[in-house]
Amino acid sequence: MSVEARLWEALTEVEDPEIPISVVHMGLIVAIAYDAGVVDLKLTFTAMGCPAMEFIQDDIRERLLAEPDVDEVRIEIVWDPVWTRKLIREEARGRMRELGIVA
Amino acid sequence: MKTLLASLADNKAALGRRYAEWAVSAPTLESAVAAAAMAQDELGHSRSTYPVLKGLGVDANEDGFGGDKRLALLDDELPDWNAFIAANLLVDGVLTTFVASCVDSTLTPMAQRAKKILQEEGSHRAHGEAWARRLCRGEQRDAFVARLLETWEHAGRWVGPDDDAELRAAVEAGEVSRDAAAQRELMRAWLTELLAAEGVDVTLPELTFDGWDAERRRWPA
C-alpha cells in the first residue's frame with residue numbers, strides 16, 4: 001500500500017463534527033500528495049460558512065501526524081470542484097439515511 | 001479589481017451581519033432560520049474572498065469584519081422586513097451578479113470561489129423571490145415597493161457608472177465578463193419581470209453618480 005493510500009485510509013477515522021461520517025466519505029478530501037514526510041492535502045467544505053472548518057482541519061492534522069512517516073501536514077482549502085451531495089461516498093449513504101439525513 | 005473585491009467582501013460581511021439581526025425576529029420561523037443560514041453563507045463568502053485580496057497584495061482582514069467599503073444602506077440594521085427582502089433581492093442580487101461575472105475570470109482564485117458562491121446563492125434568490133411575490137400580494141405591497149426603490153439607490157450604484165474605470169479595466173483583463181451597464185441591466189430586467197408577474201409595474205430609475213465614492217463603492221444617501 002502506498003503512503004498516500006494509507007493516509008486516505010487513516011482519514012476514514014476522522015469524522016465530520018456535525019455528522020458521524022468520515023471526511024473521506026463526505027467527499028471533503030480532494031487530493032493527498034506525500035513527499036519526504038510532508039503531506040499536501042486539498043480540502044473542501046460543504047459550505048463556505050461551515051462553522052467547523054477549524055475543528056476539521058485540526059482533526060485531520062492530528063490524525064495524519066500520528067502516522068510514523070508524517071512530519072508535516074499542509075492543508076489548502078479549495079472550492080473547485082464545488083462540493084455537492086454527489087461527492088458523498090456510496091457506502092456512507094446508508095448510514096446517513098439511518099440518521100435521517102437526506103443524502 | 002482590488003477595490004471591487006474588497007468591497008464585495010466588505011459588503012458580504014455587512015450583509016451577513018444585517019441578515020443575522022433578523023434571525024430571531026423574522027415574521028415566520030422558517031424565515032428566521034433562513035436569515036440565519038443566509039447570514040452564515042454571507043460571512044463565509046466574505047471570509048473566503050479576503051485570501052484572494054491577499055493574493056493581490058492587499059492587506060486584508062481575514063476575519064471579515066474590518067473593511068469599510070460597504071453600502072451606506074448596510075451601516076445600520078435593516079429597519080423592517082420589507083427592507084430585509086429588498087436587500088435580499090437587490091444587495092445580494094448585485095453582488096451575486098458580479099460574482100456570476102467572475103465564473104470564467106482570469107483571476108483563478110476568484111473563478112474557483114465564484115462557482116461555490118453561486119451554488120449557495122441559489123437559495124438566497126429563491127427566498128427573496130418567494131417573499132417578493134408574497135409581499136406584492138398583500139397589504140405591504142406599496143411599502144415594499146418603496147423599500148425596493150430606496151435599496152436600488154444604493155445597490156444599483158454598486159457597480160459604478162457605466163464607464164466605471166475599475167470595472168472596465170477588469171473586463172479588459174478578462175477578470176470580469178460584464179461591464180457595469182450590463183450587470184445593472186440584468187438586475188433591472190430581473191426585478192422588473194419578477195414584479196410585473198405580480199401585477200406590480202415598477203421602473204427602477206436611471207442613477208446619477210454625484211457624490212458617489214468610487215474608493216468605497218458607495219453612495220452617501
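Residue numbers start from 1 in every chain, and the chains themselves are labelled A, B, ... in the order their sequence lines are given, proteins ahead of strands. All values derive from a computational prediction rather than experimental measurement. The figures here come from the full heavy-atom set of this structure, side chains too, leaving out hydrogens, waters and symmetry mates.
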Hits for ring-ring contact (aromatic ring centres under 6.0 Å, His included) against B:F144, two or more places apart or cross-chain, chain-then-number order -> none
Report the residues that fulfil side-chain contact (heavy atoms from CB on, under 4.5 Å) with B:A37, sequence neighbours left out, ordered by chain and then residue number. none
Using salt bridge (Lys or Arg N to Asp or Glu O under 4.0 Å) as the criterion, list what pairs up with B:R217, not counting sequence neighbours. B:D164, B:E166
Mind listing the donor-acceptor pairs under 3.5 Å that bridge chain B and chain A?
| residue | atom | partner | partner atom | Å |
| --- | --- | --- | --- | --- |
| B:Q40 | NE2 | A:G49 | O | 3.1 |
| B:K116 | NZ | A:T46 | O | 2.7 |
| B:Q119 | NE2 | A:W83 | O | 2.8 |
| B:E120 | OE2 | A:M48 | N | 2.9 |

